[in-house]
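In this text the structure is predicted, and so the values were computed from the model without any measurement. Residue numbers start at 1 and run along the sequence shown.
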Amino acid sequence: MTSSKQPFELPSFYVPWPARLNPNLEAARVHSKAWAYEMGILGSEQEAEQSPIWDERKFDSHDYALLCAYTHPDASEPMLNLVTDWYVWVFFFDDHFLEIYKRSQDMAGAKEYLYRLRAFMPVNPQESPPESTNPVERGLANLWSRTAPNASEDWRMRFSESTKNLLEESLWELANISQDRVANPIEYIEMRRKVGGAPWSANLVEHAVGAEIPSEIAPTRPMRVLRDTFADSVHLRNDIFSYQREVEDEGENANCILVLERFLNVNTQEAANLTNELLTSRMQQFENTAITELPSLFEEFGLTPDQRVKVVLYAKGLQDWQSGGHEWHMRSSRYMNQRADNSRSPTFVLGKPTGLGTSAARLSSLVNSLGLKRLKKFTYVPYQPVGPVTLPEFYMPFSTRLNPHVDAARRHAKAWARQMGILDVLPGVGIFIWDDHKFDVADVPLCAAYIHPDASGPELNLTACWLVWGTYSDDFFPALYGHSRNMVGAKVFQARLSAFMPLDGSSTPVPINPVERGLANLWSRTTGSMSAIAQRNLRQAIEEMTGSWLWELANQIQNRIPDPIDYVEMRRKTFGSDLTMSLSRFAQGEEIPPEIFQTRTMEGINNSATDFAGLTNDIVSYQREIEFEGELHNGVLVVQNFLDCDIPPAVAVVNDLMTSRMLQFQHLVATELPVLCDDFDLDKSSRKQLYGYVEKLEQWMCGILKWHLEVDRYKEFELRNSSPAKRLLHGPTGLGTSATRIGSLWGAKG
């Protein structure tokens, strides 16, 4: 039985959009109860040892029709009935799975039960599902037959996938409960999206408002961010309201408040407040994306007026869901909502303590509810002197060796860089990005030699050149487009790069800068023996890396420190790890089925490794980026801004994140990778290939760390000797030329 004493006071929520109530509420209540009886969700006593999971009293008190009337205020009566039935089903599934499989920790039975549900969502509506054996199967078959015929194939595929994730990733929760394992914050957010069901809700919003997203823009960053920020906000809000029921009554450990309690070693109230701040940050990321990214997306894809209206209706539907979902959480008996402050106006202070000394508490609550903390993200002053960071003790359980061909790779890479023009002054700009000294200081071939200790001489040469190209390009882009805030030129530059990666062997344009020249050369040297799939994967990895630079530039233009979750997810792209991982997959041969890499286990392994490496760079390069480059994109700075703390505690938090991601990597390899091999029935050779790939990731992480600690690129003495100001000296000199030099650097169009 849930304790009557609340474990914390509910924080002041940021709810910027008013909730509205659908006038068809009562009809939906009547319909959904009748449907629940028809499906056996109500009236069946055989599901949990002769005890019903839901009775009518519990059903009425939860009031899912009220949830849907709030979250879909403009739906017609038939559509509201359908949507309400979907939510009755999904909440019943959650409680049914808890009683039958989570409490008993029956992993084998849970797998069989969950995998069977796939058959009740055929993407082809003409396919017939099997005979249902329980209320969950019966309800899903009924709902799918009422929904799928009225939707496009693209939507059916997306909704089917999000439903499958919602169902099957419950195994992750079950495994963590049985192992008494609480996830780390990054892992939790990623998995909560799948198991929490909000992406599923976002797909259902499309259907309910009659505004399916055009298929050509569905995979783009703006649409992904709208969906993911919506999902995270829904889940984080639910975590706050359901903490008492889930953690104290049901023994759940998938709750953000609990995750932050354990990870940051704070009390429940502090963890609840931080969860609410993360919720606010995600809602404000939603707003920022809708306002700043959708207009340009419409133009770039040439959407018709009708298509634009559909996207706007979809975004409005997500807003309605957020506000309505909050209102329902405040009222449903399913959640902890006593003494909740749901006011939207400054007059709410009348319900708070008054008198001497209470104004600070009221002001803090007002700041939270109005979302004023967002100003912190836009008021950062760059180029602040921070001094060198005291490096923490990094957790590194793996080892690597130095490839014996390292010196030859250094010579080859430098000759190649000179041939590509990487070491030259840029024509028409009057600056250089790298010269011989900067090349030697970076010593990128040393990194290649650590991450590929067993590569042959030619293989190491190629890897070294790829790393030189990626590192140089990452310096080139902000030098030409960052200072000038030239988004148009940056987009033209990034779009041109795809032409130098032809998938059909066609000719490429004439390169006009070292980045294009180097890419064209490396593409031709690398892809000759690659399969078509491997070429597409490599090209996609490069396009995502270079596309992420546009995201960085957009934040620079707004002077906006990224939202923590958005930062972690985009850091994987800005670091370019998918590029080296794609090359590693190719090096392992093609015996590993490509669908292996699309599983949750391999995604978790890859993302954990990537996060460890990217955050390594953030700590080691902090002074270089913050003091000398005026960067906003650094994990330590993001933590400082979010937690409102100084550098040392922020470094400690980032290092703890690195450690937790490494521990997760080890956990996945030890406990889930063998099961994955069995699930795919891999033969001995394929298993060896897959474990060889994992070993390469281990060497990659270790090599990245060793390189960062050894090279002078990030040392203070080197930073002061080669600051950006010194590069200006390579332009025209003499009286009256300073404006020319500065204009060349800041106004370059590339």
Side-chain angles (χ1 to χ4, degrees), residues 220-222 288 292-293 295-297 299-300 378 380 382-383 420-435 438 468-501 509 511-520 542-562 566-567 570-571 573-576 579 621 624-626 628-634 637 722-728 730-731 739-750:
T220 61
R221 171 186 152 78
N288 186 271
T292 67
E293 297 190 44
S296 60
L297 180 75
E299 298 303 323
E300 288 174 20
F378 295 93
Y380 174 71
Y383 298 103
M420 297 299 110
I422 287 174
L423 305 183
D424 296 339
V425 172
L426 295 177
V429 181
I431 63 168
F432 68 85
I433 308 300
W434 282 7
D435 59 5
K438 292 185 74 66
V468 166
W469 179 83
T471 309
Y472 172 81
S473 300
D474 192 46
D475 287 352
F476 177 97
F477 184 87
L480 265 70
Y481 303 107
H483 293 290
S484 63
R485 307 298 193 258
N486 179 13
M487 179 61 81
V488 173
K491 286 188 173 182
V492 171
F493 164 81
Q494 192 268 338
R496 271 181 57 90
L497 295 180
S498 296
F500 297 92
M501 299 179 284
I512 59 175
N513 57 56
V515 176
E516 294 180 351
R517 195 173 301 114
L519 180 58
I542 295 170
E543 288 176 337
E544 288 187 351
M545 180 183 74
T546 59
S548 70
W549 299 340
L550 299 175
W551 167 78
E552 290 183 317
L553 178 57
N555 285 331
Q556 286 179 315
I557 291 172
Q558 298 179 57
N559 193 43
R560 178 179 181 271
I561 296 176
D566 197 35
Y567 176 77
M570 291 303 294
R571 186 70 176 106
K573 302 179 186 300
T574 61
F575 194 67
L579 167 59
S621 68
R624 171 190 170 95
E625 293 183 347
I626 303 304
F628 292 90
E629 297 178 350
E631 261 293 352
L632 299 167
H633 303 93
N634 183 286
L637 180 66
S722 59
S723 66
K726 291 184 178 294
R727 280 180 277 166
L728 297 175
H730 289 261
T740 305
R741 296 198 303 273
I742 295 173
S744 296
L745 179 61
W746 288 7
K749 302 297 181 187

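When every heavy atom of W549 is checked against every heavy atom of S473, the shortest pair comes out as CH2-CB, 3.4 Å. The minimum heavy-atom distance between Q494 and G547, with the atom names listed, is NE2-N, 3.5 Å. Nearest heavy atoms, G630 versus Y383: N-CE2, 3.3 Å. Here the shortest heavy-atom pairing between L519 and W469 reads N-NE1, 3.5 Å. Residues A520 and F500 come closest through the heavy atom pair CB-CD2, 3.8 Å. Considering all non-hydrogen atoms of both residues, G482 and L553 come closest at CA-CD1, 3.9 Å.
Classification of the Y472-W434 ring pair by plane angle, with boundaries at 30° and 60°, yields perpendicular.
Separation of atoms CG (L632) and CD (Q558) is listed at 10.5 Å; rounding is to 0.5 Å. To the nearest 0.5 Å, the span separating NE2 on H483 from CZ on R485 amounts to 8.0 Å. One distance of note links CD1 of I512 with CG of L426; it measures 11.5 Å at 0.5 Å rounding. Atom-to-atom distance recorded for N513:CG and D424:CG is 12.5 Å, nearest 0.5 angstrom. Within the model, atoms CD of E625 and CG of L637 stand 9.5 Å from one another, a figure rounded to the nearest 0.5 Å. Interatomic distance, E300 CD to T220 OG1, rounded to the nearest 0.5 Å: 9.5 Å.
The backbone N or O of E543 lies less than 3.5 Å from a partner atom in the side chain of T546, making a donor-acceptor pair. N559 places a side-chain N or O within donor-acceptor distance of the main-chain N or O of Y380, the cut-off being under 3.5 Å. A side-chain donor-acceptor contact under 3.5 Å links S548 to the backbone of M545.
Contact of the F493 side chain with the V515 side chain is registered, since non-hydrogen atoms from C-beta on lie closer than 4.5 Å. Considering only heavy atoms from C-beta on, I542 stays 4.5 Å or farther from L497 through its side chain. The shortest distance between side-chain heavy atoms of T292 and P222 does not fall below 4.5 Å. Residues S621 and E631 fail the side-chain proximity criterion, which asks for heavy atoms closer than 4.5 Å. Side-chain contact check for F476 versus I422: every heavy-atom pair is 4.5 Å or farther apart.
Only one option out of W551, Y567, F575 pairs with H633 in a ring-ring contact (aromatic ring centres under 6.0 Å, His included); it is W551. Screening R571, K573, R221 against D566 for a salt bridge (charged side-chain N to carboxylate O under 4.0 Å, His left out) leaves a single residue, R221.
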* Asked: Hey, mind stepping through E552 and F477 against side-chain contact (heavy atoms from CB on, under 4.5 Å) and telling me if it holds?
  -> CA-CA 10 Å; E552 290 183 317; F477 184 87; 5.7 Å; no
